[in-house]
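Here's the structure we're looking at; comments come further down.
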Amino acid sequence: MPELPEVETIRRQLAPRLVGRRLEELEVLDPRWCAPLAPAEVADAVRGRRIEALGRRGKYLLWGLEDDVHLVTHLRMTGTLLYDAPSTPAHTRVRFRLGDGHELLFVDPRRFGTGTVLLGGDALDAHLAARLGVEPLEPGFTAQHLAALARGRRAPVKAFLLDQRRVAGIGNIYADEALHGAGIHPLRPAGALTRGQVAALRDAVVAALEAGIEAKGATIDDFRDPEGAHGSFQDAFQVHRRAGEPCPACGAPVVKFTVAGRGTYACERCQRRPRPRRAA
DNA sequence: GTGATAACCTGGGTGC
DNA sequence: TGCACCCAGGTTATCA
């Protein structure tokens, strides 16, 4: 499941190969990828333009093209970008042909991945601002800022972390790992965290994301980097997908339950379950 | 405004 | 072996 570290890994690998090249042709093989825009509309907007920058915001990969044209792609759950794949794999949704003869494929078995074109920096900013909150690896992601975001929130802290409009880029894996690192139960209401817990959570989020980037992401089912290689962060999971195994910190068994509709893993000795509130 | 839930989608696993 | 069913989850829309 590509989250911030996986998208950042892709960005770092692709940037030297894409920036400065021309996007000769973009062939959308699955119209769903760019809906509601028509494939021809997207292809016409980007055809022949030089790639000036390859950025990332949250889990979005941002292609900055010349003339202030922006291609915004999202891998969602099972999307991957393959550079010069030896053959065209099943579930290839988009083909990017570069001016230097190389090729990039957007492969996505579950067809959740998306791409869209935005004309002008203002349109890009508005598009991202409507969807994404603070970038957790930027200086603005402080304990004070996180506390302000959480204030008054009754939703479980895990649901809060998964809400991209609050903090951008955290998905199911890194939410579980960060909450374990901070010793906070996923069901604790976000607004009920103490100042110390918020500070610990902020640090644990940053640590988990940085460790994920260092390991070139986590591969559970589908994630591969543009060269087709797997990440290794799954080997460092403390709790995620480790139900029944001993917690590396205390030895108590990791338990699995559902929060915000997502499979959630925690050590309920290190992460104390909040007591149910008594009715008034 | 907030929180919960369904829908989208398909490969893989399980049970019969 | 083949079939039906369930689960996984990021984002968006909808509802209470």
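Numbers restart at 1 for each chain; the letters A, B, ... are given by sequence-line order, proteins then strands. Worth knowing before you read on, the calculation uses all heavy atoms, side chains too, and leaves out hydrogens, waters and symmetry mates.
Applying the salt bridge (Lys or Arg N to Asp or Glu O under 4.0 Å) definition to pairs two or more places apart or across chains, those involving residues 34-45 of chain A are A:D44-A:R47. Residues in residues 168-177 of chain A take part in these side-chain hydrogen bond (donor to acceptor under 3.5 Å, both in side chains) pairs, two or more places apart or across chains: A:E6-A:Y174, A:K158-A:N172, A:K158-A:D176, A:D176-A:H240. The stretch residues 101-122 of chain A participates, sequence neighbours left out, in these ring pair (Phe, Tyr, Trp, His ring centres under 6.0 Å) pairs: A:W33-A:F106, A:Y83-A:H102. Within the structure, no pair that satisfies the side-chain hydrogen bond (donor to acceptor under 3.5 Å, both in side chains) test touches residues 199-211 of chain A, not counting sequence neighbours.
Residue whose closest nucleotide on DNA chain B sits further toward the 5' end, between A:R93 and A:A260: A:A260.
When heavy atoms are screened at a 4.0 angstrom cut-off, A:K158 is found touching no nucleic acid atom at all. If you check every strand for non-hydrogen atoms under 4.0 Å, A:G261 touches nothing.
Bounding nucleotides for the chain A contact on DNA chain B, 5' to 3', at a heavy-atom distance below 4.0 Å, are B:dT2 to B:dG11.
For the pair A:L4 CG and C:dG9 P, the interatomic distance rounds to 18 Å; values are reported in whole Å.
Taking A:R242 as the reference, A:E245 meet the side chain to side chain donor-acceptor pair (under 3.5 Å) condition, with sequence neighbours excluded. By the salt bridge (Lys or Arg N to Asp or Glu O under 4.0 Å) test, A:R12 is found to be paired with A:E8, residues two or more places apart in sequence or in another chain being considered. Judged as a side chain to side chain donor-acceptor pair (under 3.5 Å), and not counting sequence neighbours, the contacts of A:H185 are A:E268. With sequence neighbours excluded, no residue satisfies salt bridge (Lys or Arg N to Asp or Glu O under 4.0 Å) with A:D122.
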I'd like to compare against my own output: the B/S/- annotation of nucleotides 10-16 of chain C with a strict under-4.0 Å heavy-atom distance to protein.
BBS----
For residues 59-66 of chain A, please give each side-chain donor-acceptor pair under 3.5 Å, one per line with the distance, not counting sequence neighbours.
unit_1 : atom_1 : unit_2 : atom_2 : d
A:K59  : NZ     : A:I170 : O      : 3.4
A:E66  : OE2    : A:R22  : NH1    : 2.7
A:E66  : OE2    : A:R50  : N      : 2.9

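Checked for salt-bridge contact, A:R76 and A:D108 miss the test: no charged N lies under 4.0 Å from a carboxylate O.
Recorded end-axis angle for the helix from B:dT2-C:dA16 to B:dC16-C:dG2 stands at 50°, based on five pairs per end and rounded to 10 degrees.
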